[in-house]
Structure formats: structure tokens, C-alpha cells
Amino acid sequence: MQRTILIFALASLLTGWLPRPLSGWAQTAPATLTVLQGTVEVAAPGETFAPVTESVSLEEGYQIRWEEDALGEAIFFNGLRILIDAELYGPGSFSIQQLMEDDPVINLTQLTGNVLYSLENTLETETVVNVRDATGTATASIRGTDFRMEVVAGALVGAAWSNDAIGDLTFSNGLFVDLTAPDTDGDGVEDYLDPNPTEANAADAAFYTAVSAASPSEAAELVEAAGAVNPDLIVAIAGAGAAANPAAAAEITVAALDQAPLLTLEIVASVIRNTNNPADLEASAALAGEVVASALQANPDLAETIIEVALQTNPFAAAEIAGAVARSNPDLLAFVTEAALAINPAASADIVAAVVPFAADADAVLAIVLLALAVDPASAVEIAVAAATQSAFDVIEAVGVAAALAHPSARDAIGAALANATGTDIQAALVEAVSDDAVANAVPPVELARLEPELENAIFFGETASGNIVINITAGGAVLDFTRLLASGLLFAIRVGGIEAEVSGGLFFVTLAPPINPDGTRGLVSFAWADAEGFISLGGITIDVSSAARVTLLDLGSATLPPTLSIDAGQLVITESTAETILRAGNSVIVVPPGVQVTVGVLENGDVIVQVISAPPGVTVEVTNLANGEVVELIGNTQGVFDEDGDVQVVVSGIG
């Protein structure tokens, strides 16, 4: 009797609560495409493109493309607008992955072109639009802003956004670009949605307590009993049970699928969603793999759809899901590898490690490696090691060469890592396969298409011949997070207003003020960084960014420069130093303590001028001659002139 009362209480509390439907089996909500002129074409899933002349409804899976003469607009249920104006932005195309009225998230893929997205006044409705590039290497998540992406050859090369931006750009190689303007609630932290149901709305307290205290088999029995009383709520019951007892997720999945095999996809999604713990992604991923393995065993006919649903529900579990699928059904190895890499390319090495033990032969291993290298060449070292050490076949040289060709600048690192992991020296094979000419030409530079900076902020991305990434900020600013790249050795060149920085890790904050000259060519640049490795270069001045600091750079030719300084290489102004800053100009090294305001300039004749505008009592700026070790100390309100060899020419106190 007690169990019956408990089940009816659960049923009454769960009525009306169901997990949000997922793409692929839920009813979609159309958007509207209106064409005013020109050639705009639409293709429904599995169909060919057909021209649109007036208005048409758009649904999940649709692709939209337009040519040079097009003018129109796509309007979505949540207020998202996509402007089609080929005269301004040229031809382009995008596809719709997820579009449902009861889901605050819209997922789009931009295939080509320069596309403007407008999403205004949506902060209260928690609307999020995710726009991926076609290669899967970059995803923009935006809320309440005008945002523009430019895609060339399927890859993101540029983005621009308005000053009210709420959102970010995330790259598969680990780079994170925060586009967010100052946060609205003043707590200094960006607010993100939590799609996971809480204990309070997932189940009634008695059911939650009973399931959480049960063994996996007992928890499955409780879920089965609750579902028998109200089978219409089996999806919610399974999710609630999994939230109460995550360790029983696989058993709960089997129990729920026994009762409702037609709801396999919904049950899998509900269980995985409710066991997805952001505080413990590793455990959540392992549980997702167990759930998928159970679901495949119970309903193998839906194998591919189960895999896709599971990956969409917890993309961080891509490697664990891929491994579980490969272990239970090696015939799905190629499919799950591609699906996992598409949903989480940043996990490429882990995905390779999870699936290669189940490959049928060395050719199958190499095929998996090539798939991973195509989506994440920056992880070539890790991918090669994962394949060579996890495979049952001798693939060391084959995967090493493939990795070196995908990421030529990492050739030596790949050879060293493989030798360390396997005891086999393949350096000679890599050198032969990847010649110097191949290294120079394997990754051709991307010529960045320029956007007019009509939006307040703009950033462009390119790749050099060495495989390093170039970030060119032409307006506004952004927070660039390279912390995940410290160990990778990947180098990013940041170009802002004629100033260049090279960074291989850490957190970087960059702003470019509006032009201060009539010709619009010069502006103030502010850099701040933490835990970064690299330097900032301004003409003849370089700044070591190994320690935390904040500096303001004044670009060349500024009308605000003192008339007595004829600046050729540039001038640096440190206005707010939060840590010791180390500069080098000519043969002089300048050490600037925190709290000091200093100006450093380089004259046409190579002389270096260091002017200490203000400094706390007893604090000095040290200028060291690298050639002879001579040190000159400058106090506040003092100017020193040093020649290009670092020798002191004159020190003047009481300037100004």
C-alpha cells in the first residue's frame, strides 16, 4: 500500500513535467523566409534546392542559400532575424539543425558567406542561438545582439558584433573568445543557462529519497513500478530516477525501455540529461556511455539515431559514447567516430583512443586517425599517440606521417611523442614525408575577407604557413582565453591597430579605442593578460607578457604625442600596471614596477626615451644595458635617453 501511495504521489507531481524534446523526433516549429528580390533557394531534408520568390516556412533540416542579387529576411519564432542582403554581404548559405518553439536553443550551421544575425531583447526569455561553421571548428553562442559571421571554405574567418553582445566564440582547438559586454547584473560573471532539471522539479521527495538509497537493481524496480502505474510518464520517471541515483542509470534505462520501447530516444535523452553533472563531467560521460550501450542492446534497430541523440544530449561524453558503441557493435565504428568528432571535435584524441582498440585492421585505424586529423589538426600529437598506443596493429609510422602532414609545424613533437610512447624512433620517416617545402606549403595562409566595421567590434582569423593562428582585431575588443593551449605549443599572433602580440597560452584582454586621428588610422590599444606566454611588439619595443600586467599602447603617428618626440617606431604608455612589466627597446631592458606610469618611445635615430611620469616614493624604473650590465634608476618625474646600444645619453629630472 505504501508503494502505491508513493507512485500516485509521483504521478501527480510529474504531470506536466516532461523533458524538452530533441531534434529528430519532436514536432518542429517553422520560421518564415521572405524574399523581396533575387535568387534565394531552399532545400528540405533529402530534397534538391528550389527557388523561392515570396514567403515560405522553414523547419528543421532545411538549407537556405542565395546569390549575388538576393534581398530578403528569415524571421524565427523567438525574434531571431537573418538578413539576406547580397549587395552588402554577398552570397551565403546556412542550414537549420534544431528549431522548436518550446526550446530556447536554436542550432544553425553557416555553410558559406557573410551572414548577419540579429537577436534583440531576449535576455529575459533566455534565448540562445548557436551558429557553427561548416567544418565544426567554431561555434558562436549569442544572446541579445547583432552578430555577423564570415565563413570561407567552410571555416570561420571573421566575426563582428555589436557592443551589447552577450555571447562567445568557441574553437575546437581550445581558443575561447568572450564577446560579452559588461554583464547586466554586475557580478562580473557571465550568466549561462542550466538545462538540467533540478531535484525539486524532477520528482517528489519520497520517490527521490527511495531511489537514491536503493541499489541499482532496486532503483530499476522502483522506476518500473512507477511506470506501470502511469506509463505516459515513463520518460519523466526514468529521468527522475536517474537524477536520484546516477549509478543506476544503465539499469533504469533498461527497465524503462522494457516498458516503452517506442520511446527509446526520449528515454535515452532523459536519462543522460539527468545524469549530466557539470561539476563532474568525467563521471557524467562514463554514465552516458553505459546508457547508450544498454539502449543499443535493447533496441539495435535504432542504433544510429540513439547515438546521435545521446551525443546531442551530452556532447562532452563523445569519447565515452563512441567507445561504448564500438565495444558493443564494431560495425558502427565508422559511424560513431564521425558523429562523435562532429559533436565534440576538441575531444578528437580521446575519441581515437576510445574506438581504435575495436578497429578490424590497420587500415581501419588509419581511417579513424584521418577523420580526427581532418577536424582537429592542432591535436595531431595527441591523436597520433592515442592511435599508436591503443591499437592492436603496428600503425606507428602510418599515423605519425598522417599527423605530421596534417600539422607540419608539429612534426618534431609528433616524432618525439611517438618515440616516448612506443619506443620506436620514426623521426627519419617523418622528415622524409614532411620536407621543408611541404612544411612551408601544407597550410596555406588564408586571405581574410574584410568586413566593414559598421558593428562596434570585429575580429578575423587566419592560419599561417607554419600552422599558427592569426587573430586580427579591427574594431572594439574581446577577451581571448588561451589557457587550454599552454601545453599545446600552438602560437597565436594577435594584431591590433598595427601592434602585434604573440601568445601561446593564458588569458588576454584586448581593446581598440575609436580612431583619434582624422584619417581614422590610429587609436589607443589596451592589453591585459594573466598566465600568458609571449610578447607584444610595437616597432622597436617589445613587452614580455610572462607575468600579469595591464598596459595601454599608443599607436604610431598619433596627434596626441608630445611634439618634442619624433616617433618612428612607436610609443608605449603604461597607465595602469598591475604587476611588474618588462620591456625591451634597442639594447635596453626596462623594468617597470606596479603602480608606475611610464612612457617609452623610440626615435628615428634609434634612441630610446624613457619618461617616468609618476611613481610611488622610493620606487624606481630600472633601465639595464644588456651589453655591459649597467643599470640606471629613474624615479618619478624623470626622463632618460638611451642610445640603441643601451648606453645612457642624458637623464633629466623635474620634466614638464
Side-chain angles (χ1 to χ4, degrees), residues 497-501 513 516-517 522-529 532 534-656:
I499 302 163
E500 183 166 307
I516 56 176
N517 278 354
R522 301 291 181 248
L524 289 169
V525 180
S526 175
F527 284 90
W529 59 88
F535 63 88
I536 301 171
S537 176
L538 170 63
I541 305 172
T542 60
I543 308 166
D544 182 359
V545 299
S546 298
S547 59
R550 178 188 300 272
V551 299
T552 298
L553 305 179
L554 193 58
D555 206 356
L556 309 183
S558 167
T560 64
L561 287 178
T564 56
L565 295 182
S566 174
I567 301 300
D568 176 60
Q571 184 186 54
L572 164 68
V573 182
I574 300 181
T575 57
E576 182 188 349
S577 176
T578 58
E580 180 178 87
T581 305
I582 302 174
L583 318 174
R584 178 170 175 173
N587 212 27
S588 299
V589 174
I590 304 112
V591 179
V592 183
V596 174
Q597 183 172 355
V598 64
T599 298
V600 180
V602 180
L603 302 183
E604 290 181 345
N605 62 4
D607 287 352
V608 176
I609 296 182
V610 181
Q611 180 173 322
V612 183
I613 300 171
S614 64
V619 175
T620 62
V621 173
E622 293 185 355
V623 183
T624 302
N625 185 328
L626 290 178
N628 58 26
E630 180 185 359
V631 178
V632 176
E633 295 184 347
L634 302 177
I635 61 174
N637 201 28
T638 299
Q639 176 178 288
V641 180
F642 306 83
D643 65 21
E644 59 184 353
D645 294 326
D647 296 323
V648 62
Q649 300 297 303
V650 64
V651 174
V652 180
S653 298
I655 58 173

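Residues: numbered from 1 along the sequence shown.
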Might you point out which heavy atoms bring [X] and [Y] nearest each other, and give the distance in Å?
{"X": "G595", "Y": "P616", "result": "O-CD, 3.8 Å"}
{"X": "D607", "Y": "E644", "result": "OD1-N, 4.3 Å"}
{"X": "L626", "Y": "R584", "result": "CD1-CZ, 3.5 Å"}
{"X": "D544", "Y": "G534", "result": "OD1-O, 3.7 Å"}
{"X": "A585", "Y": "V602", "result": "CB-CG2, 4.4 Å"}
{"X": "F642", "Y": "V648", "result": "CD2-CA, 3.7 Å"}

Sidechain-backbone polar pair: N587 side chain, D645 backbone, donor-acceptor under 3.5 Å: yes

To the closest 0.5 Å, what do you measure between CD (E633) and OG1 (T620)? 4.0 Å

Can you find a pair of side-chain heavy atoms, one from [X] and one from [Y], that are under 4.5 Å apart?
{"X": "V600", "Y": "V608", "answer": "yes"}
{"X": "V589", "Y": "V623", "answer": "no"}
{"X": "T599", "Y": "I613", "answer": "yes"}

Check step by step if side chain to side chain contact (heavy atoms under 4.5 Å, CB included) holds for V545 and I536. CA-CA 7 Å; V545 299; I536 301 171; 3.7 Å; yes

Take V596 and V619 through the test side chain to side chain contact (heavy atoms under 4.5 Å, CB included) and record every step on the way to the result. CA-CA 8 Å; V596 174; V619 175; 3.8 Å; yes

Worked check of side-chain hydrogen bond (donor to acceptor under 3.5 Å, both in side chains) between D647 and N625: CA-CA 6 Å; D647 296 323; N625 185 328; 2.8 Å; yes

Reference residue V621; test side chain to side chain contact (heavy atoms under 4.5 Å, CB included); the match among T581, L583, T638, I590: I590

Apply side chain to side chain contact (heavy atoms under 4.5 Å, CB included) to V612 and I635, showing your working. CA-CA 7 Å; V612 183; I635 61 174; over 6 Å; no

List the steps, then state whether side chain to side chain contact (heavy atoms under 4.5 Å, CB included) holds for T624 with E630. CA-CA 6 Å; T624 302; E630 180 185 359; over 6 Å; no

